[in-house]
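Pasting a structure below so you can have a look.
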Amino acid sequence: MKSKTTSGAMLEAMREKPPLVHCITNYVAMNIAANVLLASGASPAMVHAAEEAGEFAGIASALTVNIGTLSTQWLDGMRAAAKAAASAGKPWVLDPVAHYATAFRRQAVADLLALKPTIIRGNASEIIALAGGESRGQGVDSRDPVEQAEDSARRLAERQQAIVAVTGAVDFVTDGARAVRIKGGSVLMPQVTALGCSLTCLVGAFAATAPEDLFGATVAALAIFAVAGEDAALGAAGPGSFAWRFLDALAALDGEALDARARVSIA
Ligand SMILES: Nc1ncnc2c1ncn2[C@@H]1O[C@H](COP(=O)(O)OP(=O)(O)O)[C@@H](O)[C@H]1O
Ligand SMILES: Cc1ncsc1CCOP(=O)(O)O
Ligand SMILES: [Mg+2]
C-alpha cells in the first residue's frame, strides 16, 4: 500500500481497502450520507439502536455521531457507541447539529463532548456557540461566516484536545496548534440538505483510513468535497441536479486529480 501522506493518497488507500464506518446520523441525512460514502469508496453502516450501537462501534473502524434528529433512545445509542469507540482507541467524529437550539440538545452535546470526540465538524454558527460565543444560527443553518468562527475553533480544539473543522464558503481546520483553510465547493451546497452531515460521515471514513494522521484525514475529506462541489456545480441547473452530479463527481475523482486541484493553505 502507498504511503498516505496526501489527501489523494488517502483517497486511493480508502478505495483499496474500504473502511467500515459506523454512522449515527439523522433521518434526513441517512440516505445521502450513505451514498456519499459509497461514492467516495467507504462502506457505511447506519446503526443507532441503543441495544446494538456500542457493540457495532467495536466492529467498525470509525464512528460518527450527529444529533440532527435526536431522541432519548438515540442519545443512549450515541453514548454507548462513543464510549466503545473511545475505549477501543478508534476515532470518533461529533456533528453538533443545531446544539444551541434547545435545552435537550445543549445537554446532549455536553454529554457527548465529555466522551472526548477525536474530531468535531460543524458549521460556523455551531462552532461559535460550542466555544461559548454568541452565534446567529437558525435551526440547522449557519448565519455566521467561517472567518468569525476561526478563533472559536482554535479555542474549542485546545479545550477539547480535538481536531475542529468549520465549514462554509471557505473551510477551516485546526488542532489548536496547526490550522489550514480549504477553498472550493459551491453556493449550491447549503441548498442541498444534509451535505454537512454527509461530510461528517466522510471525515469518519478518512479517519478510519488514516488514524495515524487525523488532521490530514479531516483535510482530505473537506478537500474532496470542495473539488467535487466545484465539478458538480458545472452544468447544474439548481440544487436538484447538483445533488446527483455531486455523487457522480465524488465517484469520478481520483487521488491524482484531488491532489492537483485541492486548494489548501496554511492559516
Ligand atoms: N457558500 C459556500 N460556498 C462553497 N461551499 C460551501 C458554501 N457553504 C457551504 N459549503 C460547503 O458545503 C459543505 C457543507 O458545509 P455546511 O453547509 O457549512 O454544513 P452544514 O450543512 O452542516 O451547515 C462543506 O463542504 C462546505 O465547504
Ligand atoms: C434539516 C434537518 N433537520 C434536522 S437534521 C437536518 C439536516 C441538517 O443537515 P445539514 O446540517 O448537513 O445541513
Ligand atoms: Mg450541519
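Below, all heavy atoms of this structure are taken into account, side chains as well, without hydrogens, waters or symmetry copies. Start at 1 and go down the list; that is how both ligands and their atoms are numbered.
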* Can a donor-acceptor pair be found between the side chains of T167 and R121 at a distance below 3.5 Å? ->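 Present: a donor and an acceptor within the cut-off.
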
* To do: List the closest protein heavy-atom neighbour of atom 23 (O) of ligand 1: residue, atom name, distance to the nearest 0.1 Å.
  =>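 Its nearest protein heavy-atom neighbour is N123 ND2, 2.9 Å.
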
* Which residue and heavy atom of the protein sit nearest atom 24 (C) of ligand 1, plus the separation ->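 Among all protein heavy atoms, the one nearest atom 24 (C) of ligand 1 is L199 CD2, 3.8 Å.
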
* Asked: Counting each atom of ligand 2 from 1 as listed, which ones have a heavy atom of G68 under 4.0 Å away?
  ->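 So the answer, numbered in order with elements, is 4 (C), 5 (S).
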
* Consider ligand 1: state whether an atom of it lies below 4.0 angstrom from any non-hydrogen atom of G122. =>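 G122: no contact with ligand 1 (<4.0 Å).
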
* Going by the atom numbers of ligand 2, which of them fall below 4.0 Å from some non-hydrogen atom of A194? ->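 Those qualifying, in numeric order: 9 (O), 10 (P), 12 (O), 13 (O).
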
* Proximal atoms of ligand 2 relative to T193 (non-hydrogen, under 4.0 Å) ->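 Every atom of ligand 2 under 4.0 Å from some heavy atom of T193: 1 (C), 7 (C).
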
* Asked: Should L112 and W92 count as side-chain neighbours, where that means a heavy-atom distance under 4.5 Å?
  ->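 Yes, side chains in contact.
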
* Which residue and non-hydrogen atom of the protein lie closest to atom 17 (O) of ligand 1, and at what distance in Å? ->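 Answer for atom 17 (O) of ligand 1: P190 CB, 4.1 Å.
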
* To do: Can you pull out the closest protein heavy atom to atom 2 (C) of ligand 1? Residue, atom name and distance to 0.1 Å, please.
  =>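 Closest protein heavy atom to atom 2 (C) of ligand 1: A169 CA, 3.5 Å.
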
* Determine whether the side chain, the backbone, both or neither of L195 has a heavy atom under 4.0 Å from any heavy atom of ligand 2. =>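 Backbone only.
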
* Any side-chain heavy atom of F206 sitting closer than 4.5 Å to one from L11? ->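 In contact.
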
* For atom 15 (O) of ligand 1, what is the nearest protein heavy atom, given as residue, atom name and distance? ->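 Protein heavy atom with the smallest distance to atom 15 (O) of ligand 1: T167 OG1, 3.2 Å.
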
* Measure the distance from atom 8 (C) of ligand 2 to every protein heavy atom, then report the residue, atom name and distance (to 0.1 Å) of the closest one. =>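 In this structure, atom 8 (C) of ligand 2 has C197 SG, 3.8 Å as its nearest protein heavy atom.
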
* Looking only at protein heavy atoms, identify the closest one to atom 6 (C) of ligand 2 and say how far it is in Å. =>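 Residue, atom and distance for the closest contact: V28 CG2, 3.7 Å.
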
* Asked: Numbering the atoms of ligand 2 from 1, which are under 4.0 Å from a heavy atom of G196?
  ->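 So the atoms of ligand 2 that pass are 12 (O).
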
* Asked: Taking NZ, NE, NH1 and NH2 as the nitrogens, is one of them in R79 or D111 under 4.0 Å from a carboxylate oxygen of the other?
  ->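 Yes.
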
* If you measure from the Lys or Arg side-chain nitrogens to the Asp or Glu carboxylate oxygens, is any gap between E150 and R181 under 4.0 Å? ->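 A salt bridge is present here (some side-chain N lies under 4.0 Å from a carboxylate O).
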
* Take the angle between the ring planes of H48 and W74 and call it parallel below 30°, perpendicular above 60°, tilted in between. =>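 Rings of H48 and W74: parallel, as their planes differ by under 30°.
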
* Are side-chain heavy atoms of T118 and I163 found at a separation under 4.5 Å? ->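 T118 does not reach I163 side chain to side chain.
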
* Asked: Going by the order shown, which atoms of ligand 1 are within less than 4.0 Å of some heavy atom of D171?
  ->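 Near D171, meaning under 4.0 Å from one of its heavy atoms, ligand 1 has 26 (C), 27 (O).
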
* **Donor-acceptor pair, side chain of R105 and main chain of V97, under 3.5 angstrom** =>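 Such a contact is found between R105 side chain and V97 backbone.
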
* If you measure from atom 6 (C) of ligand 1 to every heavy atom of G168, A165, G229, G185, which option wins on shortest distance? ->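 Among G168, A165, G229, G185, the closest heavy atom to atom 6 (C) of ligand 1 belongs to G168.
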
* Is there a side-chain contact between M78 and L70 (heavy atoms, below 4.5 Å)? ->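 Side-chain contact under 4.5 Å: yes.
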
Would you give me the side-chain donor-acceptor pairs under 3.5 Å for residues 229-236, sequence neighbours excluded?
residue, atom, partner, partner atom, Å
E230, OE2, R263, NH2, 2.4
D231, OD1, R261, NH1, 3.1
D231, OD1, R261, NH2, 2.7
D231, OD2, R261, NH1, 3.0

* Give the atoms of ligand 2, by number and element, whose distance to some non-hydrogen atom of N26 is under 4.0 Å. =>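 Those qualifying, in numeric order: 5 (S).
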
* Nearest neighbour in protein (non-hydrogen) for atom 20 (P) of ligand 1 ->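 Of the protein heavy atoms, G196 CA, 3.8 Å lies nearest.
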
* Asked: So do the side chains of V219 and V264 get within less than 4.5 Å of each other, counting heavy atoms only?
  ->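 They are in contact (side-chain heavy atoms under 4.5 Å apart), so the answer is yes.
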
* Going by heavy atoms in the side chains, are T64 and I24 under 4.5 Å from each other? ->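 Of all side-chain heavy-atom pairs linking I24 with T64, none is under 4.5 Å.
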
* Asked: Which option out of A124, A221, G68, S186 puts a heavy atom nearest to atom 3 (N) of ligand 1?
  ->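 The residue whose heavy atom sits nearest atom 3 (N) of ligand 1 is S186.
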
* Asked: Tell me, which protein residue and heavy-atom name are nearest atom 25 (O) of ligand 1, and how many Å apart are they?
  ->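 Scanning the protein heavy atoms, the shortest distance from atom 25 (O) of ligand 1 goes to F225 CD2, 3.4 Å.
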
* Side chains of V173 and L222: does their closest heavy-atom pair fall under 4.5 Å? ->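 Of all side-chain heavy-atom pairs linking L222 with V173, at least one is under 4.5 Å.
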
* What is the nearest protein non-hydrogen atom to atom 19 (O) of ligand 1, stated with its residue, atom name and distance? ->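 The closest one turns out to be R121 NH1, 3.2 Å.
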
* To do: Provide the number and element of each atom of ligand 1 under 4.0 Å from a heavy atom of G184.
  =>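 Contacts of ligand 1 toward G184, numbered from 1: 4 (C), 5 (N).
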
* Between N66 and T200, does any side-chain donor sit less than 3.5 Å from a side-chain acceptor? ->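 Absent: no donor and acceptor within the cut-off.
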
* Asked: So between M189, Q191, E230, whose heavy atom ends up nearest atom 12 (O) of ligand 1?
  ->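 Heavy atom nearest to atom 12 (O) of ligand 1 belongs to M189.
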
* Write out the residue and atom name of the closest protein heavy atom to atom 3 (N) of ligand 2, then the distance separating them to 0.1 Å. =>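 Of the protein heavy atoms, V140 CG1, 3.8 Å lies nearest.
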
